[in-house]
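Since the structure comes first, as C-alpha cells, the remarks are kept for the end.
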Amino acid sequence: MNEIIALMSKKGGAGKTTTAAALAAGFTAKGYKVLAIDLDGQANLTYSMAADADGATILDVLMDKADIKDAVKHTATGDIIPASFALDVADIRLTGNNRNMLLKSALETVKPEYNLIILDTLPFFGVLTLNALAASTGVIIPAKADIFNLNTFKRTCSLIKSAQDAFNADLKLYGVLLTHFKPNTKNTRELLELFTQAAKECDTRVFNSKIRETVAIQTAQALQQDIFNYKPKGNAAQDYSAFIDELENLIIKES
Ligand SMILES: Nc1ncnc2c1ncn2[C@@H]1O[C@H](COP(=O)(O)OP(=O)(O)OP(=O)(O)O)[C@@H](O)[C@H]1O
Ligand SMILES: [Mg+2]
C-alpha cells in the first residue's frame with residue numbers, strides 16, 4: 001500500500017480529525033507504516049495524537065524553512081507532522097505560482113517510507129486544502145449524519161471534482177463516511193437514503209461502515225488517547241475497526 005488520503009469536508013465538526021486519528025492508530029496497529037499530517041491551524045490532530053508541537057511544523061515545511069524529515073514526530077499511533085496556530089497565516093504567507101503544489105513536492109522524499117499518509121484538513125477551501133487535493137491519491141469525506149452535512153457534502157463533492165478536472169485527474173474519491181450515526185431511527189434511515197443518492201450523483205459511495213455517536217470519542221480525545229486504546233470493545237473502536245478493514249480492501253482493490 002502506498003496511498004496519500006485526505007480527510008476533507010467544508011463542514012466543521014464533520015469528524016475529519018477524529019477519523020484521521022483513528023486511521024493513524026488503526027493502520028499502525030495493523031503493521032502499516034503511517035504518517036499523519038496536520039493541515040489545520042486548530043492543531044486538533046496534533047493534540048489528539050499527543051504529538052510534541054515544539055520544533056518544526058508543517059508550516060515550516062511548506063515555507064521551506066525546515067526539511068520534511070526533521071518535522072516528523074514519532075508517536076505510539078504513528079508518525080505525525082504537527083501543526084500550530086501559526087498555520088492560520090498560510091493563505092497569506094504561501095505565495096508564488098506553485099503555492100498549491102508545495103505539499104506534493106515536499107512529500108516526494110518521504111513517500112517511499114510510508115504505506116499510508118493521512119492528511120487532516122480544515123473546513124475551508126484555501127491554499128492548505130488545495131495542497132492536500134494536489135498531493136493526495138484519494139479522498140474520504142466524513143459527514144455528520146444530518147441534513148446540513150448532506151448539503152455541504154454535495155458542495156464538497158463538486159469542489160473535489162473541480163480539483164480532479166483542474167490538476168489531479170487520478171484522485172480517487174473513496175466515499176463518504178457517516179459519523180455521529182444514530183442507528184434505527186426514521187430520520188437516520190431517510191438521511192441514509194439521501195446520502196446514498198447524493199453519493200451516487202457524485203460517482204462515489206456511502207461506506208458500509210458507519211461511526212455511531214458515542215461520548216467515548218470525546219473523552220479519549222480529551223485524554224489524548226486513541227479510541228482503540230481507550231475503550232477497545234466500545235462502539236467507536238468497533239466501528240472504526242470495521243471502517244479500516246473496509247477501506248483497506250477498497251484501497252487494495254482499486255490500486
Ligand atoms: N462518532 C462520534 N460521536 C460523538 N462525538 C464525535 C463523533 N465523531 C466526532 N465527535 C466529536 O465531534 C467533534 C467534531 O469532530 P472532529 O473534530 O473530528 O471534526 P472535524 O471535521 O475535524 O472538525 P473541524 O472542521 O473543526 O476540524 C469533536 O468534539 C469530536 O470529539
Ligand atoms: Mg478537524
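Values below: every heavy atom of this structure, side chains too, minus hydrogens, waters and symmetry copies. Just so you know, residue 1 is the first one in the sequence shown, and it goes up from there. Just follow the structure's listing: the first ligand is 1, and inside any ligand the first atom is 1.
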May I ask you to check whether over 12 heavy atoms, not counting those of [X], lie within 6.0 Å of atom [atom1]?
X: E193; atom1: CD; result: no
X: K104; atom1: NZ; result: no
X: D165; atom1: CG; result: yes
X: K33; atom1: NZ; result: yes
X: K200; atom1: NZ; result: no

Heavy-atom contact under 4.0 Å between [X] and ligand 1?
X: R212; answer: yes
X: T179; answer: no
X: D40; answer: yes

Is the shortest N/O to N/O distance between [X] and ligand 1 below 3.5 Å?
X: T18; value: yes
X: G13; value: yes
X: N44; value: no
X: Q42; value: yes
X: D120; value: no
X: A14; value: yes

Students should be able to answer this: which protein heavy-atom is nearest to [atom], and at what distance?
atom: atom 28 (C) of ligand 1; answer: Q221 OE1, 4.0 Å
atom: atom 2 (C) of ligand 1; answer: I217 CD1, 3.4 Å
atom: atom 19 (O) of ligand 1; answer: G15 N, 3.0 Å
atom: atom 4 (C) of ligand 1; answer: T214 O, 3.2 Å
atom: atom 17 (O) of ligand 1; answer: T17 CB, 4.0 Å

For P123, the ligand 1 atoms with a heavy-atom partner under 4.0 Å come out as 25 (O)
Any ion pair linking E248 and K30 (charged N to carboxylate O, less than 4.0 Å)? yes
With the threshold set at 4.0 Å, does a side-chain nitrogen-carboxylate oxygen contact exist between K186 and E190? yes
Donor on one side chain, acceptor on other, [X] and [Y], under 3.5 Å:
X: Q197; Y: E201; result: yes
X: T77; Y: D226; result: no
X: S48; Y: Q221; result: no

Who else is in the cluster with F125 when I, L, V, M, F, W and Y are joined by side-chain contacts under 4.5 Å? M8, M101, L130, L133, V139, I141, I147, F148, L150, F153, L159, I160, F167, L171, L173, V176, L178, F181, L191, L192, L194, F195, V206
Over all heavy atoms of both residues, which pair between D91 and V127 is shortest? Give the atoms and the distance, please. OD1-N, 2.9 Å
Distance, nearest 0.5 Å, that separates CD1 of I244 from OH of Y32: 11.0 Å
May I ask whether atom 13 (C) of ligand 1 is less than 4.0 Å from at least one protein heavy atom? no
Who's closest to atom 21 (O) of ligand 1 heavy-atom-wise, of H180, K16, E213, Q218? K16
Report, as a single number, the protein N, O or S atoms less than 2.8 Å from the Mg ion (ligand 2). 1
Do Y240 and F228 make the cut of ring centroids closer than 6.0 angstrom? no
